[in-house]
Amino acid sequence: MNYISRHMEEKYGIPWCEYNFFGPSKIAESLRKIAAFFDDKIKEGAERVIAKYQPLMDAVIARYRPRLEGKTVMLFVGGLRPRHVIGAYEDLGMEVVGTGYELAITTIISGQPSIM
């Protein structure tokens, strides 16, 4: 996906951006990044949405962060790339020390589990 998007931008001038909707910090960052492609009305709308839901997100963080802050996390996920969810753990005060993922396509082709 990124390869095609970069190619389209370089060859045809079609802008693109990566976004991430896992965790409050990444959601706000992504909404701002997307809104930056548009006019001030859209940017203001993005800020209103962020402000509207911030108290909800703060309440969830306040509930769980005291129990999770300072914990160490190792992520091993399938399909979803670990880099997308790291911010959600960081929002809760956790430290991600390592990540990994399994490529399902290898299992499908060979019939054998594969750990990458």
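In what follows, every heavy atom counts, from backbone to side chain, and hydrogens, waters and symmetry copies are set aside.
- The environment of Tyr64 atom OH is sparse: at most 12 non-hydrogen atoms of other residues, nucleotides or ligands sit within 6.0 angstrom.
- In this structure, CG on Leu68 lies 11.5 Å from CZ on Arg63, to the nearest 0.5 angstrom.
- Of all heavy-atom pairs between Ala46 and Ala35, the closest is CB-CB, 3.8 Å.
- Nearest heavy-atom pair across Ala62 and Pro66 is O-CD, 3.1 Å.
- Here CD of Glu18 is found 6.0 Å from NE2 of His84. Values are rounded to the nearest 0.5 Å.
- Panel note: side chain Asn20, backbone Lys26; no donor-acceptor pair is recorded below 3.5 Å.
- Hydrophobic clustering, with ILVMFWY side chains joined whenever heavy atoms are under 4.5 angstrom apart, keeps Leu75 apart from Val97.
- Ring geometry, Tyr12 versus His7: the interplanar angle exceeds 60°, so the pair is classed perpendicular (tilted spans 30 to 60°).
- The cluster map of Ile, Leu, Val, Met, Phe, Trp and Tyr, joined by side-chain heavy atoms under 4.5 Å apart, puts Val73 and Phe22 in the same cluster.
- Side-chain contact check for Leu31 versus Phe21: some heavy-atom pair is nearer than 4.5 Å.
- The stretch residues 65-77 participates, sequence neighbours left out, in these side-chain hydrogen bond (donor to acceptor under 3.5 Å, both in side chains) pairs: Arg65-Glu69.
- Here the straight-line distance linking atom CZ of Arg6 with atom CD1 of Ile14 works out to 15.5 Å at 0.5 Å rounding.
- In this structure, Phe37 places its CZ atom where more than 12 heavy-atom neighbours from other residues, nucleotides or ligands lie under 6.0 Å away.
- Applying the side-chain hydrogen bond (donor to acceptor under 3.5 Å, both in side chains) test to residues at least two apart or on different chains, the pairs with a partner in residues 33-53 are Arg32-Glu47.
- Atom OG of Ser25 is separated from atom CD1 of Ile86 by 13.5 Å, given to the nearest 0.5 angstrom.
- Neither Ile61 nor Ile27 shares a network with the other; the hydrophobic side chains, linked directly or stepwise wherever heavy atoms of I, L, V, M, F, W or Y lie under 4.5 Å apart, form separate groups for each.
- Residues Tyr19 and Val49 share a hydrophobic cluster, clusters being chains of Ile/Leu/Val/Met/Phe/Trp/Tyr side chains in contact below 4.5 Å.
- Following chains of ILVMFWY side-chain contacts shorter than 4.5 Å, one can reach Met8 starting from Tyr3, so the two form part of one hydrophobic cluster.
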